[in-house]
Amino acid sequence: NAGVMQNPRHLVRRRGQEARLRCSPMKGHSHVYWYRQLPEEGLKFMVYLQKENIIDESGMPKERFSAEFPKEGPSILRIQQVVRGDSAAYFCASSPPLQCGDLFFGEGSRLTVL
Amino acid sequence: GENVEQHPSTLSVQEGDSAVIKCTYSDSASNYFPWYKQELGKRPQLIIDIRSNVGEKKDQRIAVTLNKTAKHFSLHITETQPEDSAVYFCAARLTGGYQKVTFGIGTKLQVIP
């Protein structure tokens, strides 16, 4: 059973470009979470999604950031018009339904904005 | 919403000594408390968890304790080894129909050989 797959692992963008980060949850998992981790800092919740539904996006900036988890395919975190402050590691985690919060993390996508 | 505080932020111990990391949470409805270990440049990995109907849980050199009344929980690592060096995150989960997990700020543990 493959784990949570994230790609790309590393992404370099110039200011003003768009970044798209993908996450395929573990097989059988229907819940996806995105967390952002700045260097030397903790894991900040961004958004929680189920298939075709955003359940909680309270941690996501209102502008430039969006997330989706379509019926088919991976979850995507999209950052438009990136700025240097967006440079961070973005971790996706998944959990099975009806479980008490067991999160399984992917290896992360490290975004660098030049 | 839930707020999880964790301390210390950094901790250095001699190899073989014990390490203790403490966390408090704000929402008494939380009922699940996992601990994650993150090695440098790697993903967080679940190492142990405890649920609110249990006061203590042990797995080899790692133990967690939970005090629901005081709303705090702790991670204890005994006989520390250099490979225990990592950042450790505590977390708490709110009950209800949705499974948001709130993390503490993390503790950077350094085990000195």
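First the proteins, then the strands, lettered A, B, ... as listed; each starts at 1. These values consider heavy atoms only, across backbone and side chains, with no hydrogens, waters or symmetry-generated copies.
The only option from A/Y35, A/Y33, A/W34 that meets the ring pair (Phe, Tyr, Trp, His ring centres under 6.0 Å) definition with A/Y48 turns out to be A/Y33.
There is no contact between B/Q45 and chain A, counting heavy-atom distances below 4.5 Å. Using a 4.5 Å cut-off between heavy atoms, A/Q6 makes no contact with chain B at all. Looking at A/E107, the atoms closer than 4.5 Å to chain B (heavy atoms on both sides) sit in the backbone and in the side chain alike.
The number of heavy-atom neighbours closer than 6.0 Å to CZ of B/R61, taken from other residues, nucleotides and ligands shown, is above 12. No more than 12 heavy atoms of other residues, nucleotides or ligands sit less than 6.0 Å from atom CG of B/L40.
With salt bridges taken as basic N to acidic carboxylate O contacts below 4.0 Å, one links A/D86 and A/R64.
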